[in-house]
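Some notes on the structure that comes next.
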Amino acid sequence: MPLHTPGPARRALSGPVKLPAVLLSVVALLVALPATAGAQSGDNHPAHPEKDWMGSTIGAREGGNHVVSAPRTLAVPSVEGVDVSSHNGSVPWSTLWRGGVRFAYVKATEGTSYRNPYFAQQYNGSYRTGMIRGAYHFALPASSSGAAQAKYFLAHGGDWSKDGKTLPGALDLEYNPYGSACYGKSAASMVNWIADFSRTYHANTGRHPVIYTSTTWWKRCTGNSGRFSSTNPLWIPRYGSSVGPLPAGWHFQTFWQYTSKGKTVGDRNRFNGAYARLKVLATG
């Protein structure tokens with residue numbers, strides 16, 4: 001218990017307290033600032049797009065699905081790759097190249113207001129090192145339409161060019177980092193949102209976006225829809241020795257994110273095929 005020493009009583013203040021002009025200006029500025037809570041998520045949670053990288057919510061939500069172990073040696077050819085976002089900062093691409101990495105996906109956007117501040121260094125740096133690279137968009141289906149987010153992605157790094165060095169854009173579909181797992185959408189509404197994004201991206205590039213998602217999320221939030229399996233390449237995250245069961249309709253994965261504990265950047269991926277086939281995917 002704190003001690004109180006006796007002393008003369010303090011004189012009560014009479015009249016309103018006058019704050020210094022500078023302090024009043026600061027208060028006014030704070031009141032005028034727009035609220036960031038739920039601005040992109042549709043929920044009352046502070047936005048933190050710099051923490052929303054590919055797979056960031058899956059390990060937390062699916063637990064045992066992401067037990068880290070060495071991937072099984074594959075009998076078929078594969079190509080090593082990485083995915084990065086702003087949380088990786090400036091990436092040492094030459095180090096990754098020397099380690100055998102030959103492709104990279106870089107987070108470009110989230111929702112319709114966030115752009116990765118490290119995008120230029122990551123996207124152009126991987127290209128200059130000799131890698132085939134692509135961009136991805138972190139979806140926030142509660143905040144705006146699929147078409148609106150596809151257009152934002154296309155305008156800020158997600159476009160595709162037929163140069164043999166640019167992979168089609170990827171759509172990162174995973175648990176809502178700001179609230180309910182499926183962004184408050186029914187399975188039918190989620191499928192329509194994905195179709196809206198995919199259709200808009202295809203109309204502008206002639207390519208269908210790669211869909212990154214876990215089988216568990218896909219079953220829960222789309223009702224295990226098979227609508228996209230014949231058009232959109234699948235990127236499956238599963239940290240362990242095998243890819244495990246795939247979502248409905250897909251008979252194989254194009255990319256497999258097999259660990260978040262890789263050397264240098266963490267997230268490591270494998271393209272399901274030889275380097276020549278990766279070139280075909282980039283060329284269209």
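Of the residues T254, L278, V210, the one that meets the side chain to side chain contact (heavy atoms under 4.5 Å, CB included) test with L167 is L278. When each of F252, W256, F255 is checked for a ring pair (Phe, Tyr, Trp, His ring centres under 6.0 Å) with F271, only F255 meets the rule.
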Could you go through Y258 and R270, starting from their C-alpha distance and side-chain angles, then the distance that decides it, and tell me whether this counts as side-chain contact (heavy atoms from CB on, under 4.5 Å)? CA-CA 7 Å; Y258 66 84; R270 281 182 174 174; 3.6 Å; yes

Show the numbers, then the answer: is there a ring-ring contact (aromatic ring centres under 6.0 Å, His included) between Y178 and H48? CA-CA 9 Å; Y178 305 109; H48 47 66; 4.6 Å; yes

Kindly determine whether H208 and F228 satisfy ring-ring contact (aromatic ring centres under 6.0 Å, His included), including the steps that lead there. CA-CA 9 Å; H208 294 282; F228 307 97; 9.3 Å; no

For the pair V82 and D267, evaluate side-chain contact (heavy atoms from CB on, under 4.5 Å) and give the outcome as yes or no after the intermediate values. CA-CA 6 Å; V82 296; D267 285 356; 5.9 Å; no

Determine, stepwise, if the pair T109 / N116 fulfils side chain to side chain donor-acceptor pair (under 3.5 Å). CA-CA 6 Å; T109 51; N116 174 7; over 6 Å; no

Run Q149 and H137 through side chain to side chain donor-acceptor pair (under 3.5 Å) and show every step you take. CA-CA 8 Å; Q149 293 194 31; H137 174 78; 2.8 Å; yes

Taking it one step at a time, do K219 and T216 satisfy side-chain contact (heavy atoms from CB on, under 4.5 Å)? CA-CA 5 Å; K219 286 180 176 180; T216 302; over 6 Å; no

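Cation-pi geometry between R207 and Y201 is not met: the NZ or CZ atom fails to fall both under 6.0 Å from the ring centre and inside 45° of the normal. Cation-pi geometry between R102 and W97 is satisfied (NZ or CZ under 6.0 Å from the ring centre, within 45° of the ring normal). By the 6.0 Å and 45° rule, R133 does not stack over the aromatic ring of F103.
No path of Ile, Leu, Val, Met, Phe, Trp and Tyr side chains, each step under 4.5 Å between heavy atoms, connects L281 with Y127, placing them in separate hydrophobic clusters.
Between S86 atom OG and F119 atom CZ the span is 12.5 Å, to the nearest 0.5 Å.
Side-chain contact between I211 and I194 is present, with heavy atoms from C-beta onward closer than 4.5 Å.
Side-chain atoms of K185 do not come within 3.5 Å of backbone N or O of W193 as any donor-acceptor pair. Side chain of N88 to main chain of S85: a donor-acceptor pair is present (N/O by atom type, distance under 3.5 Å, no hydrogens or angles). Between the side chain of T283 and the backbone N or O of K279 there is at least one donor-acceptor pair closer than 3.5 Å. For the pair S229 (side chain) and G226 (backbone), a donor-acceptor distance under 3.5 Å is present. Proximity of a side-chain donor or acceptor of N224 to a complementary backbone N or O of R220 within less than 3.5 Å is not detected. A side-chain donor-acceptor contact under 3.5 Å links T213 to the backbone of L173. Between the side chain of S225 and the backbone N or O of R227, at least one donor-acceptor pair lies under 3.5 Å. With hydrogens and angles ignored, the 3.5 Å screen pairs no side-chain donor or acceptor of R199 with any backbone N or O of G146.
For the residue pair N269 / D83, a side-chain donor-acceptor distance below 3.5 Å is found, with atom types taken as modelled. Using modelled atom types, one finds no donor on one side chain facing an acceptor on the other under 3.5 Å when comparing E174 with Y212. Side-chain atoms of S186 and S189 include a donor-acceptor pair closer than 3.5 Å.
Below 30°, between 30° and 60°, or above 60°: for W250 and W218 the angle between ring planes is above 60°, a perpendicular geometry. Between W235 and Y105, the ring planes are tilted. Angles from 30° to 60° get that label.
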